[in-house]
Amino acid sequence: MKIESLSIKSSTIAIFSMIGVIAIVLSLFAGTYFKQSALDAQINSLSRVIEVASHEMLNQLRSRTFDLGMKLGHNSELISAVTASTKAATEAVAKVSGKQVINLLDDPFVNGFVGFAAIDLEKIRVYNLQLEMIAESSAGRENLGNELTPYISAIITNRKPSDRLKAIDALWLSAEGPMFSTLVPLGGLRPVAYLEIIVNPVFNLPDIGNITRTPVRIYSMTGQQVNTNNQEITDGHLPVEFILHASDGKPAYNIAGYENIEELSREMGQTQTVTISGFLILSLSTLLFALWLFNRFLFSPVSRMITDMERITHGNLELTVNNKGLREFHILADAFNSMTDQVRMRTNDLQRLLDLDDSALACFDHDNDAVYFNEGATRLFGYASEEIVDLDTADLFTDDIVTLLKEAGADSSQQSNLQISLNCKHKDGHVFQRHASINIVDVMGRSGVAIVLDTSAGEDKVSSTQSDLRLNAVEQTLSSLLAFAKDNPGAISGLGSLGLMGVADDEVDSQKSLLREQVVKIMNLALSCWQHELGRSKLELAEESGVWPVYMDKSTPTTRTLDKYLNIDSCPKNPRSQRAVDTAEFVLRNMGEKVSAKQCQELHATLDAFRQLLSGIKSRAS
């Protein structure tokens, strides 16, 4: 679909609709993302709660085992039996003392103790001060090994003497699964041995659920469920896992807590529904209001303006565009009406030239740059109208026009006429000869040259009267066009650098020389960046930028106009500075990441300086 088939109204509606759809999609995405973020936060929060609850459970277990250990540690019978066993003179005495120690260690299993229902007692052991096991209870779990867990043993070995009376506890891994041990000194202030209380923590792990008030499941690291609490788990519960590590850092249990997210999901769903519905209503209301405003103050004025413009373009130059509307449309309509008036006036001037025969008419300024071609000249030389602005007499004639005028004795102070046959150069390069009438005319206060060429191939001369009529018409028309161009810079293509006409001749020449130097510098820098940084050719620069015409010389594409701007000697005396600016900007836009290269930086700095130079020239000429 072509862009011309789209209207402002349909484009605006489409843009607003896309904005609304995108906003709704983003709102849905944000809602889903927010919901997931909230769930993740809830999971992280519950995981930290389970961690705290696990440590609280271990603290309670530590307190209960410590109480049992201290009671046994101050038992005088146990202290005496352990002392007798370690100091026995004979093996028989040691054996008797050892049995007494075992009986005393079995007593809590047989007769119970305070807090018996709060822990699962597995074993009680006694170690000498060198941490060698003296005896253990016969009751309780077997296969727990005959050595103190390395974690506690390392702490006892490395701690200060002042800490010898402190109790030590640890969660450790045994062959029967994780166990919790508390080691207390036996004998009070003068310890004679160490007493180890070993309990199974699985019995106390459900307390985590009681603390967090959530259902929990406890699994071994092999995935087997070892315990649970009595709270019910439904489909609305979200599982959150926490790994409880032993004191040495090894994983001991996988604790799965379950968080009820039904209420959270319901509240988030309601919030999302209200948000999306409200946003949709606001978007639709804003869209309708915006469309009404656009239709009232944009679409209707534009439609009226387009209708009036179309009628003017069909030849109704007496019509004026309705200027009622917003400020910008009011200014645009007034500008268009002013332009219509100028076109109507200039059309009458041009009519006198168009009423002449089909001779080729061309005009050149003081620097021999082309400022006007009629249709006959464009047909004769083969150039398009937009290409005329880059031509001079050397591009169109093999003869030196200035030398011919000097040899003929033409005086620039008066309108002198020279009848001669000129060798002309066609766009494709071939040379042909035509009879010409050359006259010095006034071009914005300075001497220029008007040339009338006979378009026929014969040698018949144009009559003097007819030539005078043509030249007078050309001079008057060009004077009118140039005056219009001076009052409206840029309104007529091909009439460049006319803004300098209001400045003194010496200053004009100085400014033109400086302008040419800067244009050549910018063009060479731009071409260097294009070729060296991007590896592209000069022909590609002309074609892709759309700034420079590409000519075909005997089936070979050339860039004659661009080539002129690369050398100070061939650069036009009135260079088209905007072309140099457009070329530099095009190259910089295509640099991408290479824009920081040294040559590109130099081009950027030179372009900024050139813009300042142009603004200074324009301000002085205005």
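Since we're looking at a predicted model, the values are computed, not measured.
- Side-chain atoms of Asp248 do not come within 3.5 Å of backbone N or O of Tyr151 as any donor-acceptor pair.
- Considering CD of Glu241 and OG of Ser47, their distance stands at 9.5 Å, rounded to 0.5 Å.
- How far CG of Leu588 is from CG of Leu607: 6.5 Å, rounded to the nearest 0.5 Å.
- Closest of all the heavy-atom pairs between Leu173 and Pro251 is CD1-O, 4.0 Å.
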Might you work through the side-chain contact (heavy atoms from CB on, under 4.5 Å) test for Ser54 and Leu58, ending with a clear yes or no?
CA-CA 6 Å; Ser54 300; Leu58 291 177; 5.7 Å; no

Step by step, work out the side-chain contact (heavy atoms from CB on, under 4.5 Å) result for Ile124 and Ile197.
CA-CA 5 Å; Ile124 301 177; Ile197 309 298; 4.0 Å; yes

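- When atom types are taken as modelled, the side chain of Arg64 and the backbone of Leu61 share no donor-acceptor pair closer than 3.5 angstrom.
- Inter-residue side-chain proximity for Arg576 and Tyr565 is flagged as met; some heavy-atom pair is nearer than 4.5 Å.
- Using modelled atom types, no side-chain atom of Ser85 and backbone atom of Ala81 make a donor-acceptor pair closer than 3.5 Å.
- Under the 4.5 Å side-chain criterion, counting only non-hydrogen atoms from C-beta, Leu72 is not in contact with Leu104.
- For Leu121 against Pro108, the heavy-atom pair with the smallest separation is CD2-CB, 4.3 Å.
- Listed by chain and number, the residues in a salt bridge (Lys or Arg N to Asp or Glu O under 4.0 Å) with Glu136 are Arg125 (sequence neighbours excluded).
- Between the Asn204 side chain and the Ala118 main chain, a donor and an acceptor come within less than 3.5 Å of each other.
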Please tabulate, for side-chain N and O atoms in residues 543-550, each donor-acceptor pair with protein atoms closer than 3.5 Å (sequence neighbours left out).
| residue | atom | partner | partner atom | Å |
| --- | --- | --- | --- | --- |
| Glu544 | OE1 | Arg536 | NH2 | 2.9 |
| Glu544 | OE2 | Arg536 | NH2 | 2.1 |
| Ser545 | OG | Leu541 | O | 2.6 |
| Ser545 | OG | Val547 | N | 3.3 |
| Trp548 | NE1 | Thr583 | OG1 | 2.8 |

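- Side-chain contact between Leu171 and His245: absent, with no pair of heavy atoms (C-beta onward) separated by less than 4.5 Å.
- For Asn59, the side-chain contact (heavy atoms from CB on, under 4.5 Å) test picks out Glu56, Arg62, with sequence neighbours left out.
- A side-chain donor-acceptor contact under 3.5 Å links Asn524 to the backbone of Leu566.
- Nearest heavy atoms, Ile522 versus Leu603: O-CD1, 3.8 Å.
- Between Ser138 atom OG and Asn103 atom CG the span is 7.5 Å, to the nearest 0.5 Å.
- Using a 4.5 Å heavy-atom cutoff, the side chains of Asn567 and Val520 are not in contact.
- Contact between Val202 and Asn227 at its shortest, heavy atoms only, is O-ND2, 2.8 Å.
- Side-chain N or O atoms of Arg516 include one that pairs as donor or acceptor with a backbone N or O of Cys571 at under 3.5 Å.
- Counting heavy atoms from C-beta outward, Ile168 and Arg159 have side chains that approach closer than 4.5 Å.
- Remark: Arg611 engages Glu585, Asp608 in a salt bridge (Lys or Arg N to Asp or Glu O under 4.0 Å) (not counting sequence neighbours).
- Side-chain contact between Ile134 and Val101: absent, with no pair of heavy atoms (C-beta onward) separated by less than 4.5 Å.
- Within a 6.0 Å radius of CG in Asn146, other residues, nucleotides and ligands contribute 12 heavy atoms or fewer.
- A side-chain donor-acceptor contact under 3.5 Å links Ser537 to the backbone of Glu540.
- A distance of 10.0 Å separates CG in Leu129 from CZ in Arg164, rounded to the nearest 0.5 Å.
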Report the C-alpha distance between Ile208 and Leu205 in whole Å, list the side-chain angles of each, state the deciding distance to 0.1 Å, and finish with yes or no for side-chain contact (heavy atoms from CB on, under 4.5 Å).
CA-CA 6 Å; Ile208 296 174; Leu205 287 176; 4.1 Å; yes

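- Remark: Thr559 engages Asp563 in a side chain to side chain donor-acceptor pair (under 3.5 Å) (not counting sequence neighbours).
- Closest heavy-atom contact between Cys600 and Met591: SG-SD, 3.2 Å.
- Among pairs with a residue in residues 101-132, those fulfilling ring pair (Phe, Tyr, Trp, His ring centres under 6.0 Å) read Phe113-Phe116, at least two apart in sequence or across chains.
- Residue pairs meeting the salt bridge (Lys or Arg N to Asp or Glu O under 4.0 Å) criterion with at least one member in residues 202-222: none, sequence neighbours excluded.
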CA sep, side-chain torsions, deciding dist, call: Glu176, Glu122, side-chain contact (heavy atoms from CB on, under 4.5 Å)
CA-CA 11 Å; Glu176 296 297 317; Glu122 293 289 353; over 6 Å; no

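- Listed by chain and number, the residues in a side chain to side chain donor-acceptor pair (under 3.5 Å) with Asp163 are Lys166 (sequence neighbours excluded).
- Scanning for side chain to side chain donor-acceptor pair (under 3.5 Å) contacts around Asp582 gives Gln578, with sequence neighbours left out.
- If you take CD1 on Ile152 and CD on Glu196, they are separated by 5.5 Å, rounding to the nearest 0.5 Å.
- For the pair Tyr253 and Pro201, the tightest heavy-atom approach, listed with the atom from each and the gap, is OH-CG, 3.6 Å.
- With hydrogens and angles disregarded, a donor-acceptor distance shorter than 3.5 Å links the side chain of Lys123 to the backbone of Ser137.
- Taken from CE in Met57 to CD1 in Ile211, the straight-line distance is 8.0 Å, to the nearest 0.5 Å.
- Remark: Asp107 pairs with no residue by the salt bridge (Lys or Arg N to Asp or Glu O under 4.0 Å) rule, at least two apart or across chains.
- Remark: Arg579 engages Asp390 in a salt bridge (Lys or Arg N to Asp or Glu O under 4.0 Å) (not counting sequence neighbours).
- Here Ser153 pairs with Leu131, Leu148, Thr157 under the side-chain contact (heavy atoms from CB on, under 4.5 Å) rule; sequence neighbours left out.
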